[in-house]
Amino acid sequence: MPELPEVETVRAGLAPALTGARVLAIEIFDERSLKRHRSGPADFVQTLVGARIASVVRRGKFIWMPLEFDSKSATQQAGTPQLALVGHLGMSGQMLLRKRGDAPDKLTRVIINCETKRGKLIEFRFIDQRLFGGLQLDELVATPDARAGGFSPNAAKAKWWTNLIPASAAHIARDPLDEFFDADAVWLRFHKKHSGVKRVLLDQQLLSGIGNIYADEALWQAKLHYDQPADTIKRTTFDSLLASVRSILEKAVAEGGTSFDEQYKNVNGESGYFDVSLNAYGMTDQPCGRCGKAIRRDSWMNRGSHFCPNCQRLRKTA
DNA sequence: AACACATCCTGACTGC
DNA sequence: TGCAGTCAGGATGTGT
């Protein structure tokens, strides 16, 4: 499912169409996609209809759209919290952009009808097979470090929402592609952890955006076993692991995300191409691209860990 | 506090 | 064809 590169591809696809767009109407086909919106589906609709989308922002795997309300500007000035439409793709979510009236997409859970700032009528469709993802309206709060909440292309000029983040995503760490990502600070916490390095890489509160695929790929590139305890890893190894993470994420972003299965789609419903360059994930029994030994898949945390048993060995220190 | 684990869900695909 | 079993890239709450 979607990890940082897929979510960024979606964000980048949504932004040109949705920035400045106004919400006209909402169709809910499955309320479970709104379960994280605590005030209920009716409140979701009532609040969101009429709002204008100010931007599309991402941190890690979270996407949010700061909202502006013409009719409520007076109360906003009086201290009402700023709101954002927050989305998470979970394991199987997609966010598609369609023209009003286009053929239906399977498993569509919510449609948000919008008018773009150029006056085009479009549908933002939230599709989700497993319902682990969802949409919600959430209050924006100040970031703890008073810097940008997340990535968006028009954040260069400070806007009212620049240094805000949805409360529900405030605990999510900056991702390795974030311009304010602090490698030294991450190292300080990383090297004290006794858990296996893969578990630590997947901890969104330490660094965000990495999921099972890119964890396996980065560990393969850095020649680390998934269960190598983080506190046995030297700073130089951590640095090269981080360099691997960054280069893999950047490459995947440049290629528009992975499409290992049919779940991941960009906003036009198209798959990415990164799967051709996977070295570990999904390569069970295939020869390792470095040494030729068969890639192994271990059952791990209710999912899979793919690694080369020759290149990626558990060591006393790494 | 830090860590490990169970749990939330459905649909597509595989193999008998 | 039908059906049971398997699998899936995440996040969170709970218990130790």
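Below, read A as the first sequence line, B as the second, and so on, with proteins coming before strands; counting in each chain starts at 1.
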Tabulate atom names and distances for all N/O pairs under 3.5 angstrom spanning the protein and nucleotides 12-16 of chain C.
residue	atom	partner	partner atom	Å
C:dT12	OP1	A:H171	NE2	3.4
C:dT12	OP2	A:H171	NE2	3.2

Should side-chain heavy atoms under 4.5 Å link Ile, Leu, Val, Met, Phe, Trp and Tyr, which residues sit in the same cluster as A:W220? A:M283, A:I295
Between A:L202 (CG) and C:dA11 (P), how many Å, whole number? 9 Å
Got a sec, which hydrophobics cluster with A:L121, joining ILVMFWY side chains under 4.5 Å apart, including via others? A:L24
Any chance you could measure A:K193, atom NZ, to A:R189, atom CZ, to the nearest 0.5 Å? 6.0 Å
Taking the same atom, P, in B:dC9 and in C:dT14, what whole-Å distance lies between them? 15 Å
Taking only residues at least two apart or on different chains, which pairs with a member in residues 183-213 of chain A satisfy ring pair (Phe, Tyr, Trp, His ring centres under 6.0 Å)? A:W187-A:H191, A:W187-A:F238, A:F190-A:F238
Pairs flagged by salt bridge (charged side-chain N to carboxylate O under 4.0 Å, His left out) wherever residues 234-250 of chain A is involved - sequence neighbours left out: A:D184-A:R235, A:R235-A:D239
Got a sec, which pairs hit ring pair (Phe, Tyr, Trp, His ring centres under 6.0 Å) with one end in residues 100-143 of chain A, sequence neighbours left out? none
Partner set under side-chain hydrogen bond (donor to acceptor under 3.5 Å, both in side chains) for A:E123, not counting sequence neighbours: A:R125
Whenever both distances are under 3.5 Å in a Watson-Crick or G-U wobble pair, mark it; put DNA chain C into dot-bracket that way, with [ ] for crossing pairs and | when the partner is on another strand. .|||||||.|||||||
Protein within reach of the bases, or only the backbone? For nucleotides 3-11 of chain B, mark each nucleotide 5' to 3' as B, S or -, using heavy atoms under 4.0 Å. SBS-BBBBB
So which pairs with a foot in residues 2-53 of chain A pass ring pair (Phe, Tyr, Trp, His ring centres under 6.0 Å), sequence neighbours left out? A:H37-A:F44
In whole angstrom, what separates A:D203's CG from B:dA1's P? 15 Å
Tell me the interatomic distance from A:D128, atom CG, to C:dG10, atom P, rounded to whole angstroms. 13 Å
Please give, in whole Å, the distance from B:dA12 P to A:D105 CG? 13 Å
Closest non-hydrogen atom pair, A:H171 against A:Q205: O-CG, 3.7 Å
Heavy-atom distance under 4.5 Å between the side chains of A:V86 and A:S168, does that happen here? yes
Which atom of A:V186 lies closest to which atom of A:L206, heavy atoms considered: CG2-O, 3.8 Å
Could you write out each protein N or O paired with an N or O of nucleotides 4-7 of chain C at a distance under 3.5 Å?
none

For A:R59 and A:A148, the nearest pair of non-hydrogen atoms, with its separation, is NH2-O, 3.7 Å
Rounded C1' spacing from C:dA11 to B:dA12 in Å: 23 Å
Atom CD of A:Q94 and atom C1' of C:dA8 are separated, to the nearest Å, by 14 Å
Test of understanding: with side-chain hydrogen bond (donor to acceptor under 3.5 Å, both in side chains), list the residues that count as partners of A:K198, not counting sequence neighbours. A:N212, A:D216, A:S305
